[in-house]
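Report on one structure; see the data block that follows.
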2 protein chains.
Amino acid sequence: MAASVSTAMRKATLQDIADLAGVSRATVDRALHGRGRVMEGTRQNILRIARELNHSPNLRARGLKLSQSFLIGMVVPNISKSFYADVVEGTEECLKEHGYGLILCNIVARQSAERYQTILRMQGVDGIISCAETGYGWERHLRAFADEGTPVAMINYRVRGVDGPVVYVNQRKGGYLAAKCLLDAGHRRIMFIGRSKGYINLERKQGYRQALKEAGIEPEEQLSISFENWDEEFDLFVNGLMGGKEPPTAAFIPSDLAAARFINRLQSRGYRVPDDLSVVGFDDLSSLEWFIPRLTTIRQQKKEMGFYAAELLLAGLKGRETKDILLDVSLVERHTVASLPERKIADFKGDVTGG
Amino acid sequence: MAASVSTAMRKATLQDIADLAGVSRATVDRALHGRGRVMEGTRQNILRIARELNHSPNLRARGLKLSQSFLIGMVVPNISKSFYADVVEGTEECLKEHGYGLILCNIVARQSAERYQTILRMQGVDGIISCAETGYGWERHLRAFADEGTPVAMINYRVRGVDGPVVYVNQRKGGYLAAKCLLDAGHRRIMFIGRSKGYINLERKQGYRQALKEAGIEPEEQLSISFENWDEEFDLFVNGLMGGKEPPTAAFIPSDLAAARFINRLQSRGYRVPDDLSVVGFDDLSSLEWFIPRLTTIRQQKKEMGFYAAELLLAGLKGRETKDILLDVSLVERHTVASLPERKIADFKGDVTGG
DNA sequence: GTGAAAGCGCTAACAA
DNA sequence: TTGTTAGCGCTTTCAC
């Protein structure tokens, strides 16, 4: 008992084990790693002593020698958004299996970008996983890391000028499925509500346009809107488009969060969803699990995004060839899409053929 | 240009700077840290060269010498629950200000507890922040860390046998406020729905009981229920208590998530909330932002919990005295509590006085 | 099979 | 004010 108390004071080193075993550090090292030849007897003895001393290798020392840290930086825009928490969980799951520590980098301002560039650099992380359009100048820092030789894996899109594997999501298919679902329900005047810029939204919009075109509908730019300031612009929208003589009957909103906001506003103006307007979102956020009406949306494999990015990064560290990954998306049908009554469809068709 | 390309290949070391400045490593070290005396001219020169070389200290080397890692382990049961994501965000915010890296430890199974005990130990973290009742044997590992001298800060309660500052939440006051709010609305038969074990729930229940007693009501054990298996037991509950001749009119459910589930079930059985039953939850989860009816609940300062735990831990590392913190809670009145119609109150009072 | 020795980058005690 | 030196714990040649 007294012995175990005293040994607990300082962590055991290879030298401690070597002393007790009556061998050299080098031999202990070999025995512990199963590298090189060590007599079976000595090996067993060393292993036993190591266990008794509760030895665990000092990664700082090993890393100093090997220029490794067994640390990976994980960069996200905002961990308190369920989307990123899910992605992080996937990465974390993979890294822990491989003995790597995950340094969480939450980039919520220009200052945090600076901070984490410093922290990751000083810690000498073995690699960086960068998720989504972080902003705040992070892209520039990431490029600097890449230029210095730090391996990088990206999620969602390739940061310009940065080499490394990318986990893509089939955004375009998502947009396509969303619009298709609405078209299949008989809708013809389908809005796209969201920004028409940035790689991700642009892809989603492309998919939406493609579905419309395949259905013989020319996408109208008038039906593509975006709210910068909801309080001001939502009124304009309701009084304008929605109140017009040929109001849209459906909307594809490439973000669940925006879809929820939109539906809420709509409801407070007396509209019903999906009765008056059908809506399809994007993301399938777990934080909207309780939103009523339950959102019909496009599911992204969030945990997988993080997991595969980590796998690719680690594979790269081991010198293996890596290829970009394209993750599939799927339509989750819930309660925000209604079939357009035949009457309305007929009316609308009449309009078109008649015009 | 050529020079900058070549210098980018390897990270600059103190020696590199020393060579260029024509001084020794020690002098560079002193200049960079502002420790000890260095001639102003040499200092400026060294600083300039360091900047040109884009030098950043190698924490592995420094740590090896100083027995520090500038790494903190943050242990949570499940990062994909918004509650823990919020707590982690608070910790992260504090740590990054101080240049520490946060290693995220998501303990979702016995195996992850093992993994992280290994990872944190090998990385030689400077401290550990442990949040809530993690389970999966983590407590035992935490104790081992503490025994070995790793500083620990805890959130929510003290792990038995572990020394270190604790950030408490006034759970009891929360339970009290919840029950009080229901009492003030005229309710008398108020259920407690949740487990009656574990420090946290027990405290919340104590507060609830205290409020009832202060209102002259003796808490009935019959009104304290817990669902282990919702599918089976909810039916029993509806047919039993709710269908009885003196059904409860309100419930304090010390967990927003459980409250949401409960309300959903209730609604699907035809009950209305708050009309037929008032409900107060606990946590004020951001993931229930969209839950309708919006939950009346007890707000915990989640980010603050993480932030203060980090502050306490770092203060301890600097050798400063630390004291436990007790965080306040507050009632957030939203839409799940209704006043009991006077009639019912009168009826009930009659029952009691008449009995 | 095993040991001796050098060195990863940094810090700090001691000398000059 | 500055340099020399030793050493943190581990890995890895190179001898033996």
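Quick note on labels: first sequence line is chain A, next is B, and so on, each numbered from 1. Computation of the quantities below employed the complete heavy-atom set of this structure, encompassing side-chain atoms and omitting hydrogens, waters and symmetry-equivalent molecules.
- In this structure, CG of Leu64(B) is placed 18 Å from P of dA6(D), rounded to the nearest angstrom.
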Polar-atom pairs under 3.5 Å, protein N or O versus N or O of nucleotides 14-16 of chain D: list them with distances, or write none.
none

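- In terms of heavy atoms, Gln111(A) sits closest to Glu97(B) at NE2-OE1, 3.9 Å.
- As judged by a 4.0 angstrom heavy-atom cut-off over every strand, Leu59(B) is placed among residues making no nucleic acid contact.
- Here dG9(D) presents its P atom at 17 Å from CE of Met122(B), a figure rounded to the nearest Å.
- Mapping Val38(B) and His55(A) onto DNA chain D via the closest heavy atom, the residue that lands nearer the 5' end is Val38(B).
- To the nearest 0.5 angstrom, Phe83(B) atom CZ is 4.5 Å from Gln300(B) atom CD.
- Sorted by first and then second residue, the salt bridge (charged side-chain N to carboxylate O under 4.0 Å, His left out) pairs with a member in residues 79-91 of chain A form an empty list; sequence neighbours excluded.
- Nearest to the side chain of Lys65(B), among dG7(D), dT1(D), dC10(D), sits dG7(D).
- Annotation for Lys318(B): atom NZ counts as buried by contact number, over 12 foreign heavy atoms lying within 6.0 Å.
- Nearest heavy-atom pair, Phe145(A) versus Gln117(A), reported as atom, atom and distance to 0.1 Å: CZ-O, 3.4 Å.
- The structure places OG of Ser24(A) at 10.0 Å from CG of Leu14(A), a figure rounded to the nearest 0.5 Å.
- Neither OP1 nor OP2 of dT1(D) sits under 4.0 Å from any side-chain N or O of Thr42(B).
- A distance of 10.5 Å separates OH in Tyr100(A) from SG in Cys94(A), rounded to the nearest 0.5 Å.
- The distance from atom CG of Asn58(A) to atom P of dC8(D) is 12 Å, rounded to the nearest whole Å.
- Separating the OG1 atom in Thr91(A) from the CD atom in Glu304(A) is a distance of 11.0 Å, to the nearest 0.5 Å.
- With sequence neighbours excluded, the residues satisfying side-chain contact (heavy atoms from CB on, under 4.5 Å) with Leu20(B) are Ile49(B), Leu53(B).
- Proximity of residues 16-29 of chain B to DNA chain C (heavy atom under 4.0 angstrom from any strand atom) is restricted to Arg25(B), Ala26(B), Asp29(B).
- Of the residues near DNA chain D, Met39(B) and Arg62(A), the one whose nearest nucleotide (by heavy atom distance) lies more toward the 5' end is Met39(B).
- As a whole-Å value, the separation of Arg60(B) CZ from dT11(D) P is 13 Å.
- If you take CG of Leu32(A) and P of dG9(D), they are 16 Å apart, rounded to a whole angstrom.
- Residue Ser56(A) holds its OG atom at 10.5 Å from CG of Leu120(B), rounded to the nearest 0.5 Å.
- You can see that DNA chain C meets the heavy atoms of chain B within a 4.0 Å-exclusive cut from dG9(C) to dA12(C), reading 5' to 3'.
- The shortest heavy-atom contact between Val76(B) and Cys131(B) is CG1-CB, 4.0 Å.
- Per the geometry, NE2 belonging to His33(A) stands 8 Å off C1' belonging to dT11(D), to the nearest Å.
- Among pairs with a residue in residues 156-167 of chain A, those fulfilling salt bridge (charged side-chain N to carboxylate O under 4.0 Å, His left out) read Arg158(A)-Asp324(A), at least two apart in sequence or across chains.
- Arg43(A) comes within contact range of no nucleotide atom at all, as no heavy-atom separation falls under 4.0 Å.
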